[in-house]
Amino acid sequence: MRQIILDTETTGLEWKKGNRVVEIGAVELIERRPSGHNFHKYLRPDCEFEPGAQEVTGLTLEFLADKPAFEEIVEEFLDYVRGAEVIIHNASFDVGFLDSELARLGAQYGRFTDYCTVVDTLAMARERYPGQRNSLDALCKRLGVDNTHRHLHGGLLDAQILADVYIALTSGQEEIGFGSFDEGGAHAAPVVHAFDASNVGLRARVTPTAGELEAHAKRLEKLRAKAGGPCLWDLIEAPPALANAEAAAVA
């Protein structure tokens with residue numbers, strides 16, 4: 001299965017107010033393992049940041065001035081996500097912005113979900129941890145994911161952290177594969193090695209030494225003294241008839 005962990009950064013909280021996407025970061029997983037084929041673009045928004053938005057991302061219009069506009073990378077981006085399961089935290093936010101960017105380019109681009117399926121980890125977390133805080137930082141703390149290097153929001157950084165959170169959040173739901181990747185990053189067939197146990201020489205029984213038997217006997221004597229009679233080990237080692245009689249005595 002090909003999955004894309006995706007995050008966007010924007011100039012503000014609402015695309016309906018004219019805010020734009022300024023960063024897209026994505027991490028590719030093949031069979032739940034990072035492939036190394038990531039996607040990361042800074043984008044020129046051609047609009048101002050809303051108050052507070054720059055402080056969250058650390059991005060400035062000066063830094064973004066020479067970056068491409070969304071229309072310049074749209075084909076590359078859509079090719080990257082096409083056919084994948086895209087995993088986003090609070091997906092309605094990111095998908096709303098991506099749909100808005102596509103709509104600016106014309107109806108021929110359709111909607112983001114025309115190219116892929118979307119899974120929302122915020123919805124998953126709310127179902128698993130109802131009534132609790134389920135922000136990305138809260139999930140990192142709950143699931144033991146290291147996010148100490150996350151001082152600012154960043155598209156690729158947050159996607160990498162979310163990938164770890166998603167794996168931890170869904171741990172045990174799928175079998176872990178032992179496949180590999182070829183030089184081009186494509187998923188290769190699992191490698192299975194045959195195991196020949198004919199020459200291993202396993203012993204069916206281990207015989208205790210005299211010292212071990214003596215230590216065992218002394219231990220049983222202590223147990224009998226505490227129990228005031230036969231201990232459970234006596235019942236296990238005794239012949240069936242004796243074991244039944246001693247079990248009745250213990251009862």
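Everything numeric in this text was worked out from a predicted model, so none of it was measured.
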- Does atom CZ of Arg111 have more than 12 heavy-atom neighbours, drawn from other residues, nucleotides or ligands, at distances under 6.0 Å? no
- Message: With heavy-atom distances below 4.5 Å as the criterion, would you say the side chains of Pro45 and Leu61 are in contact?
- Response: yes
- Message: Please give me the minimum heavy-atom distance between Leu169 and Ala125, naming the atom from each residue.
- Response: CD2-N, 4.3 Å
- State plainly whether one hydrophobic cluster holds both Leu136 and Val119, where clusters connect Ile, Leu, Val, Met, Phe, Trp and Tyr through side-chain heavy atoms under 4.5 angstrom apart. yes
- Note on the structure: When rounded to the nearest 0.5 Å, the distance separating CH2 of Trp15 from CG of Asp99 is 8.0 Å
- More than 12 foreign heavy atoms under 6.0 Å from CD of Glu48: is that the case here? no
- Message: I'd like to know if Glu221 pairs up with Lys218 as an ion pair, taking the criterion as any Lys NZ or Arg NE/NH1/NH2 lying under 4.0 Å from an Asp or Glu carboxylate oxygen.
- Response: no
- Message: Looking only at the side chains, is there a donor atom on one of Arg128 and Asn134 sitting less than 3.5 Å from an acceptor on the other?
- Response: no
- Check the hydrophobic clustering (I, L, V, M, F, W, Y; side-chain heavy atoms under 4.5 Å; chains of links allowed) and say if Leu105 and Val21 are grouped together. yes
- Mind listing the closest non-hydrogen atom pair of Arg44 and Lys67 along with its distance? NH1-O, 2.7 Å
- Message: Looking at every non-hydrogen atom in both residues, tell me the closest pair between Leu102 and Gly110 and how far apart they are.
- Response: CB-O, 3.8 Å
- Look at the aromatic rings of Phe77 and Phe39 and report parallel, tilted or perpendicular, splitting at 30° and 60°. tilted
- Item | Donor-acceptor contact below 3.5 Å, side chain Glu76 vs main chain Ile73 | no
- Just wondering, more than 12 heavy atoms not from Arg219 lying within 6.0 Å of its CZ? no
- Query: Do you know the tightest heavy-atom contact between Ile87 and Leu162?
  - Reply: O-CD2, 4.0 Å
- Go through the steps for Leu43 and Leu64 under the test side-chain contact (heavy atoms from CB on, under 4.5 Å), then give the verdict. CA-CA 6 Å; Leu43 302 171; Leu64 299 171; over 6 Å; no
- Should Cys140 and Asp146 be marked as a side-chain contact (heavy atoms from CB on, under 4.5 Å) after you check the CA-CA gap, both sets of side-chain angles, and the distance that decides it? CA-CA 7 Å; Cys140 285; Asp146 181 15; over 6 Å; no
- Message: Given 3.5 Å as the limit, does a donor-acceptor pair link the side chain of Gln54 with the main chain of Leu59, or not?
- Response: yes
- Message: I'd like to know whether Glu50 forms a side-chain contact (heavy atoms from CB on, under 4.5 Å) with Asn19, so could you lay out the CA-CA distance, the side-chain angles of the two residues, the decisive distance to 0.1 Å, and finally the verdict.
- Response: CA-CA 8 Å; Glu50 280 191 350; Asn19 286 301; 3.0 Å; yes
- Task: Would you give the length of the straight line joining atom CD1 of Ile167 to atom CG of Leu143, rounded to the nearest 0.5 angstrom?
- Result: 11.5 Å
- Message: Please report the interatomic distance CZ(Phe97) to OG1(Thr8), rounded to the nearest 0.5 Å.
- Response: 7.0 Å
- Message: If you compare all heavy atoms of Cys116 against all heavy atoms of Val86, which two are closest, and at what distance to 0.1 Å?
- Response: SG-CG2, 3.5 Å
- Query: Is any side-chain N of the basic residue among Arg2 and Glu28 closer than 4.0 Å to the acidic one's carboxylate O?
  - Reply: yes
- Item | Residue pair Arg20, Ser100: steps toward the side-chain hydrogen bond (donor to acceptor under 3.5 Å, both in side chains) verdict | CA-CA 8 Å; Arg20 305 289 300 275; Ser100 176; over 6 Å; no
- Would you confirm whether the ring centroid of His40 sits within less than 6.0 angstrom of the ring centroid of Tyr42? yes
- Query: Shared ILVMFWY cluster between Phe49 and Phe63, side chains joined below 4.5 angstrom?
  - Reply: yes
- From the options Asp120, Asp158, Thr121, select the one residue that forms a side-chain hydrogen bond (donor to acceptor under 3.5 Å, both in side chains) with His89. Thr121
- Item | Same apolar cluster (I L V M F W Y, side chains within < 4.5 Å links), Ile4/Ile24 | yes
- Message: Run the side-chain contact (heavy atoms from CB on, under 4.5 Å) test on Met124 and Thr170 for me, step by step, so that the C-alpha distance in whole Å, both residues' side-chain angles and the decisive distance to 0.1 Å come before the verdict.
- Response: CA-CA 9 Å; Met124 293 173 60; Thr170 58; 3.3 Å; yes
- Query: Same cluster for Val81 and Phe70 if Ile/Leu/Val/Met/Phe/Trp/Tyr side chains link at under 4.5 Å?
  - Reply: yes
- All heavy atoms of Gly12 vs all of Phe93, minimum pair found to be O-CZ, 4.0 Å
- Item | Salt bridge present between Glu23 and Lys41 (N-O < 4.0 angstrom) | no
- Taken to the nearest 0.5 Å, the spacing of Phe112 CZ from Leu6 CG works out to 5.5 Å
- Item | Spatial distance of atom CZ (Arg142) from atom CG (Asp137) [nearest 0.5 Å] | 11.5 Å
- Task: To the nearest 0.5 Å, tell me how far Ile161 CD1 sits from Leu139 CG.
- Result: 11.5 Å
- Close side-chain approach of Asp7 to Glu9, heavy-atom, < 4.5 Å: yes
- Task: Hey, could you give me each pair passing ring pair (Phe, Tyr, Trp, His ring centres under 6.0 Å) that has a residue in residues 116-148? Not counting sequence neighbours.
- Result: none
- Which residues satisfy the ring pair (Phe, Tyr, Trp, His ring centres under 6.0 Å) test with Tyr109, sequence neighbours excluded? none
